[in-house]
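In what follows, a structure is listed as structure tokens, so that the remarks can point back to it.
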2 protein chains.
Amino acid sequence: MSNRPNPFVKTRRDHADETAEDYVEAIADIEIASGSCRVKDLAERMQVSHVTVTRILSRLAEAGLVARQPYGPVGLTPQGLEMAAASRVRHEVVVAFLERIGVSNATAEHDAEGMEHHASEETLAAMRRYLGLIEDA
Amino acid sequence: MSNRPNPFVKTRRDHADETAEDYVEAIADIEIASGSCRVKDLAERMQVSHVTVTRILSRLAEAGLVARQPYGPVGLTPQGLEMAAASRVRHEVVVAFLERIGVSNATAEHDAEGMEHHASEETLAAMRRYLGLIEDA
DNA sequence: GCAAATTTGTAGCAATGGCTACATTTTGTA
DNA sequence: TACAAAATGTAGCCATTGCTACAAATTTGC
Ligand SMILES: [Mn+2]
Ligand SMILES: [Mn+2]
Ligand SMILES: [Mn+2]
Ligand SMILES: [Mn+2]
């Protein structure tokens, strides 16, 4: 028997995971760019209200990805740092790959923002291979 | 100024449409495979309860994509047929492209199910070009 | 130091898509 | 035809992510 998992997984949970990945990646980015990350910075980056950011950060703190204190800056836990690093690598691979096949930078950034969350390790490996980032065939 | 739309905003818009696209595509598939599509068929295909299917179908009917009657089969409106056709083409392009770069069929099907909703026309064109489906360079 | 501006928090609402439990309708079969 | 099984509908719950309005805290500027 094939034992192939159904491609239509729980959409709600998938989207929640996408949110987590984008937020920790953004937090790491902002920390690097401006020294510290605030709720307001994330609201601007994500183009949502500060209320939405606050609630999502609560969930991510509950999940052990984010460290928060009232009215204070937004930090990443070791687990959050790990996820942020992995997310960034994946993001960069997808963007570079799309550009390599002829997609403009603007579109590559747009499409990668969504596609990155759906590229499995196998697909990422194929992209890296195509980019020449892997010696193996 | 750049005037680039925010990538996160675009991704959120993509997510709003993805359920509709997957459902009309599934309805068309099931109609072809077994003559008619029932709520139960969709529940099995999507791996969700029949309740979830019913509510989503109501929304799609409201949007003019699906034709329904109580306890009856699920049909597509002309608009739904159009979306189903476009979705299928896009799905096939993404799957074929992933396989072409060395991804297995199972993984290609799985990843494409999510990635397809985030691939812009420009990216799809690049994929078609790579597949040799377009004469142009 | 104090008032104003900014930032963050909280309350409460909506849309979407999960679910279980139960009601109703349709279908199948004895 | 009558009863059982299957399919569908409805009620009502939860989680996630949007929002506005308002409250509280912090920072800034004078
Ligand atoms: Mn993303
Ligand atoms: Mn990203
Ligand atoms: Mn997605
Ligand atoms: Mn899909």
Side-chain angles (χ1 to χ4, degrees), chain A residues 5-27 30-31 34-75 113-114 117, chain B residues 5-27 30-31 34-63 65-75 113-114 117-118:
Chain A
N6 189 304
F8 300 103
V9 271
K10 303 284 176 287
T11 310
R12 288 290 293 103
R13 209 180 66 87
D14 281 359
H15 288 168
D17 291 345
E18 292 180 28
T19 303
E21 291 168 351
D22 284 337
Y23 271 71
V24 296
E25 194 184 344
I27 292 166
I30 293 169
E31 273 181 351
S34 61
S36 95
C37 176
R38 310 288 319 198
V39 168
K40 179 189 151 264
D41 300 318
L42 287 167
E44 283 171 1
R45 169 82 65 108
M46 302 307 199
Q47 302 265 100
V48 296
S49 72
H50 79 276
V51 184
T52 297
V53 171
T54 298
R55 190 154 21 64
I56 287 173
L57 288 180
S58 294
R59 184 172 67 80
L60 300 186
E62 197 71 25
L65 295 167
V66 159
R68 287 238 52 200
Q69 44 187 338
Y71 298 97
V74 182
E113 202 51 71
H117 308 283
Chain B
N6 184 293
F8 298 105
V9 173
K10 172 188 179 290
T11 299
R12 285 199 296 273
R13 275 202 310 266
D14 290 342
H15 282 166
D17 298 333
E18 88 181 28
T19 302
E21 293 169 347
D22 284 337
Y23 271 72
V24 296
E25 195 184 343
I27 292 166
I30 292 169
E31 273 181 350
S34 60
S36 97
C37 176
R38 311 288 318 201
V39 169
K40 178 188 153 262
D41 300 318
L42 287 167
E44 284 170 2
R45 168 81 68 111
M46 302 308 204
Q47 302 267 92
V48 296
S49 72
H50 78 276
V51 183
T52 297
V53 171
T54 298
R55 190 156 21 63
I56 288 173
L57 288 180
S58 294
R59 185 169 65 80
L60 300 186
E62 197 70 25
L65 295 167
V66 159
R68 287 238 51 200
Q69 44 186 341
Y71 298 97
V74 181
E113 201 51 69
H117 308 283
H118 302 284

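In the text below, chain A, chain B and the rest are named by the order of the sequence lines, each starting its count at 1. Bear in mind the structure is a predicted one, so any value in this text is a computation, not a measurement.
A search for side-chain hydrogen bond (donor to acceptor under 3.5 Å, both in side chains) contacts involving B:H15 returns A:E18, B:H118, not counting sequence neighbours. Under the side-chain hydrogen bond (donor to acceptor under 3.5 Å, both in side chains) criterion, B:E25 pairs with no residue, sequence neighbours left out. Taking the side chain to side chain contact (heavy atoms under 4.5 Å, CB included) definition, one finds that A:E44 meets it with A:K40, sequence neighbours left out. Shown here are the side chain to side chain contact (heavy atoms under 4.5 Å, CB included) partners of A:R45, two or more places apart in sequence or in another chain: A:A26, A:D29, A:I30, B:F8.
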Nucleotide N/O of nucleotides 22-25 of chain D paired with protein N/O under 3.5 Å:
{"residue": "D:dA25", "atom": "O4'", "partner": "A:Y71", "partner atom": "OH", "Å": "3.2"}

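Nearest-nucleotide mapping onto DNA chain D: of A:D17 and A:P70, the residue sitting toward the 5' end is A:D17.
The A:Y23 side chain lies nearest to D:dG18 when the options are D:dG18, C:dG18, D:dT17.
B:R38 comes within contact range of the sugar-phosphate backbone alone, with a heavy-atom separation under 4.0 Å but no base atom that close. Using a 4.0 Å heavy-atom cutoff across all strands shown, A:V51 reaches at least one base atom of the nucleic acid.
A:L57 approaches A:I27 most closely through the heavy-atom pair CD2-CD1, 4.1 Å.
Contact of B:R55 with D:dG9 (side chain to base): no donor-acceptor pair of N or O atoms is detected under 3.5 Å. In terms of polar N and O atoms assigned as donor or acceptor, the side chain of A:R12 comes within less than 3.5 Å of the base of D:dA15 in a complementary pairing.
Non-hydrogen atoms lying under 4.0 Å from DNA chain D are contributed by A:V48, A:S49, all within residues 39-49 of chain A.
Looking at A:R68 and A:L60, their side chains never come closer than 4.5 Å, going by heavy atoms from C-beta outward.
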